[in-house]
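Scope of the values below: all heavy atoms of this structure, side chains included, with no hydrogens, waters or symmetry mates. Protein chains get the first letters and strands the later ones, always in sequence-line order, with residue 1 at the start of each.
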2 protein chains.
Amino acid sequence: MTDARPASPRRAEILAAAADLFARRGYHGTSIGDLGGALGLTGPALYRHFRGKDAVLAEILVDISERLRDEGTRRAAAPDPSAALDALLDWHISFALDNPALITVHERELDNVPEPQRHQVRRVQRAYVEEWVAVLRRLRPDEPEQRIRAAVHACFGLLNSTPHSATGLDRPAMAALLHTMARAALCC
Amino acid sequence: MTDARPASPRRAEILAAAADLFARRGYHGTSIGDLGGALGLTGPALYRHFRGKDAVLAEILVDISERLRDEGTRRAAAPDPSAALDALLDWHISFALDNPALITVHERELDNVPEPQRHQVRRVQRAYVEEWVAVLRRLRPDEPEQRIRAAVHACFGLLNSTPHSATGLDRPAMAALLHTMARAALCC
DNA sequence: GTGCGATGTTAACGCTCATTAACAAGGTTC
DNA sequence: GAACCTTGTTAATGAGCGTTAACATCGCAC
């Protein structure tokens with residue numbers, strides 16, 4: 001959309017490799033040569049698919065934020081607010097456990113996204129947060145909205161901590177633990 | 001200690017400015033010229049006080065990790081495990097709210113610390129986590145240790161999320177919210 | 001007041017990086 | 001089979017970076 005280019009398999013490969021490298025070494029710590037090398041190509045080959053290095057990062061972040069929000073909007077629409085919260089938790093937790101690199105990049109590299117798209121990502125991120133806030137307001141109508149919003153941000157910090165801590169728990173146990181902890185933190 | 005240099009006021013100024021810049025733009029996104037410029041100096045002036053750019057980062061991270069662990073060890077020694085947990089929470093929360101830049105750098109830039117000190121930081125970080133784990137094991141002896149350790153990491157994610165989300169809550173309200181949420185998450 | 005260590009400066013070096021230019025090979029269209 | 005678009009390559013460009021060298025200044029020891 002922002003690049004007006006078709007979604008080729010090569011593009012997808014580059015985006016996946018870039019997300020992995022950006023997560024491991026950071027945007028500035030990853031060279032265009034590293035990126036090409038990860039796919040068996042040379043650096044300049046990337047310019048056949050992207051306008052530049054920052055366009056790769058921008059597309060990654062726009063994609064992540066929209067995926068999170070789109071499914072979040074869907075799950076927040078459940079009639080029962082408690083069920084909606086559980087559905088949101090399940091969604092975010094499974095996304096974080098399935099895509100630790102994406103979560104890391106999404107958390108750390110927004111400042112390196114060029115300006116037209118940085119605003120877009122921020123807007124979509126805000127919309128995702130507001131889905132959570134809306135559900136929690138239905139669940140606890142007495143709570144001030146600012147406090148709810150701060151609690152949602154803190155909850156994301158809890159859920160997104162997974163990639164940074166490789167513990168000895170297997171995936172189902174980790175998912176259950178995060179769900180229990182987050183629910184307890186939000187409903188205290 | 002690692003640099004065998006005296007603690008001059010200039011050194012402290014550089015470390016403070018570096019922590020702020022590293023937190024805002026990342027280690028690779030901050031040049032030695034930016035760093036000097038933040039203090040009204042030129043870039044090369046830094047080499048009168050540090051061996052190089054990575055030595056500045058190393059000293060920041062060693063200092064943070066040791067400050068966290070030292071006070072953590074003190075507070076974890078409280079006889080009542082529940083009181084010890086509250087004391088640990090108060091400590092970590094006040095540190096995070098008082099030093100958002102330090103928390104950010106501590107969380108993100110360990111991979112850029114050169115090798116002799118990276119190991120040291122990891123070791124001290126692990127010791128800090130183990131203080132928390134030990135308190136929680138006293139509090140909930142039935143829980144498997146791996147699960148407790150994973151919960152502590154997730155709790156740090158919750159507490160350390162503060163710098164990334166500037167909400168409309170004032171400091172006491174934020175501290176109280178984080179304490180309540182973290183306690184609920186850990187004791188669920 | 002001479003010498004000197006501490007703490008700056010500017011200039012220069014060498015390297016890496018993102019990006020572009022020029023060129024090559026393969027597949028598809030007509 | 002000729003023209004062409006796609007997708008690569010290597011070579012070159014220009015900027016920025018960390019670092020070092022050479023030089024200046026200032027305050028203090030003696």
(request) Would you indicate, yes or no, if D/dG8 has its OP1 or OP2 atom less than 4.0 angstrom from a side-chain nitrogen or oxygen of A/R10? (result) yes

(message) If I take atom CZ in residue B/R11 and atom P in nucleotide C/dT7, what distance separates them, rounded to the nearest angstrom?
(response) 11 Å

(request) Can you see which heavy atom on B/S65 is nearest to which on B/Q125, and at what distance? (result) CB-CG, 4.4 Å

(request) Nearest whole angstrom, please: distance from the C1' of C/dT9 to the CG of B/L39. (result) 16 Å

(message) Could you tell me if A/R183 and A/S82 have a donor-acceptor pair between their side chains, going purely by distance under 3.5 Å?
(response) yes

(request) Determine the interplanar angle of the A/H92 and A/Y128 rings, folded into 0 to 90°, and report it as parallel if under 30°, tilted if 30 to 60°, perpendicular if over 60°. (result) parallel

(request) Return no unless some side-chain N or O of A/H49 is found under 4.0 Å from OP1 or OP2 of D/dG8. (result) yes

(request) Provide, to the nearest angstrom, the distance between the CG atom belonging to A/L46 and the P atom belonging to C/dT20. (result) 13 Å

(request) For the pair B/R67 and B/D63, find out whether any cationic side-chain nitrogen is under 4.0 Å from an anionic carboxylate oxygen. (result) yes

Distance-only donor-acceptor pairs under 3.5 Å for side chains of residues 27-34 of chain B, two or more places apart:
{"residue": "B/Y27", "atom": "OH", "partner": "B/D54", "partner atom": "N", "Å": "3.2"}
{"residue": "B/H28", "atom": "NE2", "partner": "B/N112", "partner atom": "OD1", "Å": "3.1"}
{"residue": "B/T30", "atom": "OG1", "partner": "B/L21", "partner atom": "O", "Å": "3.4"}
{"residue": "B/T30", "atom": "OG1", "partner": "B/G26", "partner atom": "O", "Å": "2.8"}
{"residue": "B/S31", "atom": "OG", "partner": "B/G33", "partner atom": "N", "Å": "3.3"}
{"residue": "B/S31", "atom": "OG", "partner": "B/D34", "partner atom": "N", "Å": "3.0"}
{"residue": "B/S31", "atom": "OG", "partner": "B/D34", "partner atom": "OD1", "Å": "3.4"}
{"residue": "B/S31", "atom": "OG", "partner": "B/D34", "partner atom": "OD2", "Å": "3.3"}
{"residue": "B/D34", "atom": "OD2", "partner": "B/S31", "partner atom": "N", "Å": "3.1"}

(request) Would you please name every residue forming a salt bridge (Lys or Arg N to Asp or Glu O under 4.0 Å) with B/R138, sequence neighbours left out? (result) none

(message) Base contacts versus sugar-phosphate-only contacts with protein, heavy atoms under 4.0 Å: please encode nucleotides 11-29 of chain D as B, S and - from 5' to 3'.
(response) B-----SSBB-B-------

(request) Measure from CG on A/N112 to P on C/dA18 and round the result to the nearest Å. (result) 12 Å

